[in-house]
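For reference, the structure is listed below as structure tokens.
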Amino acid sequence: MIPVLLVQAPPAPAQDPLAILKPLEGEWEGEGSGQPGAGTGGCTFRADLGGRTFVRRNWAEYPAAQGRPAYRHEDLLVVGATPKGLQAVYWDNEGHRIDYAVTSPEAGVVVFLGEAQPGAPRFRMTYRSQGKDALGLLFEIAPPGQPEAFKPYIQAKLRRK
């Protein structure tokens with residue numbers, strides 16, 4: 001009897017769950033408007049931890065207006081794959097922390113959807129590709145008790161630097 005050696009083929013490479021974020025990678029500058037007023041800003045999206053996370057650092061500057069002093073907003077968003085899918089955690093210099101589920105409902109669109117929590121507003125941030133070097137950003141807020149009643153809070157256009 002001749003011994004038979006069974007060799008298993010290596011497993012097919014798993015699809016990179018962070019691939020939907022690759023079009024966002026890079027350095028961006030933008031301008032927008034919304035309830036905080038007109039402002040300018042920018043962000044960077046970078047793969048981190050050997051490609052296992054994606055990190056966005058964001059800033060916006062708003063000039064003094066209607067009795068409000070000028071101010072600078074800064075935030076950090078870290079995205080990673082979990083058993084629930086892509087998840088993100090957001091922190092900012094105003095003391096906010098938001099947990100997001102991250103999806104791509106269609107090519108060129110990435111949606112960050114905040115968890116609905118009783119008595120709290122809900123947040124949704126959508127990036128939409130507008131060509132290789134341009135993105136649209138829509139940040140929406142739903143009021144407490146109405147988790148699907150999103151209204152635009154900030155709209156911006158970003159250009160790749």
Side-chain angles (χ1 to χ4, degrees), residues 18 20-49 52-82 84-161:
L18 296 171
I20 65 170
L21 300 172
K22 299 283 187 211
L24 303 178
E25 194 165 20
E27 189 172 351
W28 301 86
E29 59 186 357
E31 53 189 46
S33 62
Q35 289 189 21
T40 59
C43 66
T44 59
F45 276 94
R46 302 266 187 253
D48 207 335
L49 299 178
R52 295 199 173 272
T53 65
F54 234 75
V55 176
R56 182 193 77 163
R57 291 186 177 274
N58 181 67
W59 62 271
E61 292 184 343
Y62 297 96
Q66 300 174 354
R68 184 193 72 228
Y71 72 97
R72 180 179 172 100
H73 170 89
E74 295 180 72
D75 62 67
L76 173 70
L77 180 81
V78 179
V79 183
T82 75
K84 293 181 176 182
L86 283 185
Q87 301 286 307
V89 181
Y90 165 101
W91 296 271
D92 69 21
N93 63 333
E94 298 167 16
H96 299 108
R97 181 188 186 276
I98 304 169
D99 294 317
Y100 287 107
V102 185
T103 61
S104 180
E106 61 185 87
V109 177
V110 178
V111 177
F112 294 80
L113 181 61
E115 295 178 6
Q117 298 179 358
R122 189 177 188 197
F123 305 96
R124 179 169 60 193
M125 183 168 46
T126 304
Y127 285 92
R128 185 174 302 275
S129 176
Q130 297 179 340
K132 181 179 178 253
D133 294 322
L135 292 172
L137 168 63
L138 176 61
F139 179 68
E140 301 167 285
I141 302 175
Q146 299 177 29
E148 300 301 323
F150 288 103
K151 291 191 169 70
Y153 186 73
I154 295 173
Q155 292 182 299
K157 282 201 171 255
L158 302 166
R159 289 172 303 287
R160 192 181 303 274
K161 282 180 94 176

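Nothing fancy with the numbering, it's 1 onward along the sequence. This structure is a prediction, so every number in the text was calculated from the model and none was measured.
Under the rule for a ring-ring contact (aromatic ring centres under 6.0 Å, His included), the partners of Tyr127 that lie at least two apart in sequence or sit in another chain are Phe45. Residues forming a side-chain hydrogen bond (donor to acceptor under 3.5 Å, both in side chains) with Asp75 (at least two apart in sequence, or on another chain): Arg56, Asn58, His73. With sequence neighbours excluded, the residues that form a salt bridge (Lys or Arg N to Asp or Glu O under 4.0 Å) with Lys22 are Asp16. Listed by chain and residue number, Glu106 satisfy the salt bridge (Lys or Arg N to Asp or Glu O under 4.0 Å) test with Arg128 (two or more places apart in sequence, or in another chain). Residues that satisfy the side chain to side chain contact (heavy atoms under 4.5 Å, CB included) test with Ala149, not counting sequence neighbours, are Pro143, Gln146. Checked against ring-ring contact (aromatic ring centres under 6.0 Å, His included), Phe150 has no partners two or more places apart in sequence or in another chain. With sequence neighbours excluded, no residue satisfies ring-ring contact (aromatic ring centres under 6.0 Å, His included) with Tyr90. Residues passing the salt bridge (Lys or Arg N to Asp or Glu O under 4.0 Å) test with Glu61 are Arg72, sequence neighbours excluded. Applying the salt bridge (Lys or Arg N to Asp or Glu O under 4.0 Å) test to Glu27 and every residue at least two apart in sequence or in another chain returns Lys161. Under the side chain to side chain contact (heavy atoms under 4.5 Å, CB included) criterion, Trp91 pairs with Leu76, Val78, Val89, Arg97, not counting sequence neighbours.
Minimum heavy-atom separation, Thr40 to Trp59: O-CZ3, 3.8 Å. Looking at every heavy atom in both residues, Leu158 comes nearest to Gly30 through CD2-CA, 3.8 Å. Closest non-hydrogen pair, Leu86 versus Val79, comes out as CD2-CG1, 4.3 Å. In plain terms, the two heavy atoms of Pro23 and Ile20 that are nearest each other are CD-O, 3.5 Å. Shown here for Pro63 and Ala38, the closest heavy-atom pair between the two residues is CD-O, 3.3 Å.
No donor-acceptor pair under 3.5 Å is formed between the side chain of Arg52 and the backbone N or O of Ala47. Judged by distance alone, with hydrogens and angles left aside, the side-chain atoms of Thr53 form a donor-acceptor pair with the main-chain N or O of Asp48 at under 3.5 Å. Judged purely by atom type and a 3.5 angstrom limit, Thr82 uses its side chain to pair as donor or acceptor with the backbone of Lys84.
Annotation: side chain of Glu94 is in contact with side chain of Tyr71 (closest heavy-atom distance under 4.5 Å).
The distance from atom CZ of Arg46 to atom CG of Leu24, rounded to the nearest 0.5 Å, is 12.0 Å. Atoms CD and CZ, on Gln130 and Arg159 in that order, are 11.0 Å from each other to the nearest 0.5 Å. Going from atom CG of Leu138 over to atom OH of Tyr153 covers 13.5 Å, rounded to the nearest 0.5 Å.
Residue pairs meeting the salt bridge (Lys or Arg N to Asp or Glu O under 4.0 Å) criterion with at least one member in residues 134-148, sequence neighbours excluded, are Arg122-Glu148, Arg124-Glu140.
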Could you list the donor-acceptor pairs under 3.5 angstrom formed by side chains in residues 109-119, with sequence neighbours left out?
none

Steps toward side chain to side chain contact (heavy atoms under 4.5 Å, CB included) verdict (Tyr100, Phe123): CA-CA 8 Å; Tyr100 287 107; Phe123 305 96; 3.7 Å; yes

Could you walk me through whether Leu77 and Met125 pass the side chain to side chain contact (heavy atoms under 4.5 Å, CB included) test, one step at a time? CA-CA 12 Å; Leu77 180 81; Met125 183 168 46; 4.2 Å; yes

